[in-house]
Amino acid sequence: MAAWWPTALVVGVILYATLNSDPVGADRFPAIPHLDKLIHAIMFGGLFSAISFDRRRDGHALTAGSLVLFAAISVVTGALDEVLQQALENGRSGDILDWLADTAGIIIAYFTAPPVINHIFRNKNIR
């Protein structure tokens with residue numbers, strides 16, 4: 001399981017960024033409209049990509065079935081994250097639009113990450 005440290009790292013970043021009451025400091029966060037949605041898409045696309053990378057590094061092919069499973073795990077994780085934000089009394093709230101942004105990032109990663117990951121493993125011996 002220690003070989004799956006990229007996935008564990010991404011999960012840790014997601015949990016810190018989404019469940020912390022003020023992860024970057026409101027005064028340091030740029031006032032760019034909907035930037036939070038882009039960040040959600042990147043985080044959860046990153047989660048799908050990390051799971052896929054770790055699975056491939058573990059010596060398994062990235063099959064259509066495994067990719068659908070990883071996407072489903074990532075989508076459910078995004079939904080649970082929003083439920084946790086709503087349930088915790090830390091000044092954050094769950095938002096369906098955040099979950100939709102999570103899902104959009106996962107869909108983008110579903111089509112872009114596997115070819116890149118397979119290319120990396122064809123050209124290098126990564127373990």
Side-chain angles (χ1 to χ4, degrees):
M1 193 65 177
W4 285 62
W5 67 265
T7 298
L9 179 65
V10 171
V11 168
V13 168
I14 288 171
L15 290 174
Y16 175 78
T18 60
L19 300 180
N20 188 307
S21 62
D22 192 15
V24 295
D27 58 336
R28 295 186 307 232
F29 199 69
I32 300 171
H34 310 296
L35 180 62
D36 66 316
K37 304 304 182 244
L38 176 61
I39 292 169
H40 272 267
I42 291 168
M43 287 190 304
F44 283 87
L47 176 61
F48 170 85
S49 300
I51 295 169
S52 300
F53 178 84
D54 286 339
R55 176 73 173 172
R56 182 70 174 85
R57 189 171 57 152
D58 213 18
H60 301 280
L62 296 177
T63 64
S66 66
L67 294 173
V68 167
L69 176 63
F70 303 154
I73 289 168
S74 299
V75 168
V76 169
T77 302
L80 290 174
D81 182 64
E82 294 305 318
V83 169
L84 278 173
Q85 285 183 56
Q86 188 66 37
L88 295 175
E89 295 182 13
N90 64 355
R92 305 289 296 264
S93 62
D95 182 356
I96 190 120
L97 295 178
D98 285 347
W99 178 72
L100 291 174
D102 300 343
T103 303
I106 294 161
I107 291 169
I108 292 167
Y110 180 89
F111 291 105
T112 58
V116 172
I117 292 166
N118 285 326
H119 178 76
I120 290 169
F121 282 92
R122 268 194 305 274
N123 294 317
K124 294 184 180 185
N125 186 13
I126 298 176
R127 287 275 173 209

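The model shown is predicted, which means the values in this text are computed figures rather than measured ones.
Interatomic distance, CH2 of W5 versus CG of L9, reported as 6.5 Å (0.5 Å rounding). Atom NE2 of H40 sits about 3.5 Å away from atom CG of D98, to the nearest 0.5 Å. Separating the CG atom in L19 from the CD1 atom in I14 is a distance of 10.0 Å, to the nearest 0.5 Å. The distance from the CZ atom of R55 to the OG atom of S66 is 6.5 Å, given to the nearest 0.5 Å. Note that CD1 of I117 is 11.5 Å distant from CZ of R122, once rounded to the nearest 0.5 Å.
Considering every non-hydrogen atom in both I73 and T77, the closest pair reads O-OG1, 2.7 Å. The two residues G45 and A109 make their nearest non-hydrogen contact at O-CB, 3.5 Å. In terms of heavy-atom proximity, S52 sits nearest to L67 at OG-CD2, 3.8 Å. Taking every heavy atom of both residues into account, W4 and I51 meet most closely at CZ3-O, 3.8 Å.
Counting side-chain heavy-atom gaps under 4.5 Å among Ile, Leu, Val, Met, Phe, Trp and Tyr, the cluster of L80 also holds V76.
A donor-acceptor pair is defined here as one N or O able to donate and one able to accept, closer than 3.5 Å; such a pair exists between the side chain of Q86 and the backbone of G94. Listed for the N118 side chain is a donor-acceptor partner under 3.5 Å among the backbone atoms of P114. At distances below 3.5 Å, at least one donor-acceptor pair connects side-chain atoms of D54 with backbone N or O atoms of T7. A donor-acceptor contact shorter than 3.5 Å is absent between the side chain of S74 and the backbone of L47.
V116 is connected to I42 through a chain of hydrophobic side-chain contacts under 4.5 Å among Ile, Leu, Val, Met, Phe, Trp and Tyr, so both are in one cluster. Linking Ile, Leu, Val, Met, Phe, Trp and Tyr residues whenever their side-chain heavy atoms come within less than 4.5 Å leaves I108 and I39 in two separate clusters.
Taking the six-membered ring where the residue is Trp, the centroids of F121 and F53 are separated by under 6.0 Å.
The side-chain heavy atoms of Y110 and V68, taken from C-beta on, include a pair separated by under 4.5 Å. Taking the side chain as every heavy atom from C-beta outward, L100 and L97 approach each other to under 4.5 Å. The closest side-chain heavy-atom distance from W99 to V75 is below 4.5 Å.
Enclosure of atom NE2 in H119 is not indicated, since only 12 or fewer non-hydrogen atoms of other residues, nucleotides or ligands lie within 6.0 angstrom.
Salt-bridge formation is detected for the pair K37/D95: a Lys NZ or Arg NE/NH1/NH2 atom is positioned less than 4.0 Å from an Asp or Glu carboxylate oxygen.
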Could you please spell out the steps behind the side chain to side chain contact (heavy atoms under 4.5 Å, CB included) verdict for T18 and Q85? CA-CA 7 Å; T18 60; Q85 285 183 56; 3.5 Å; yes

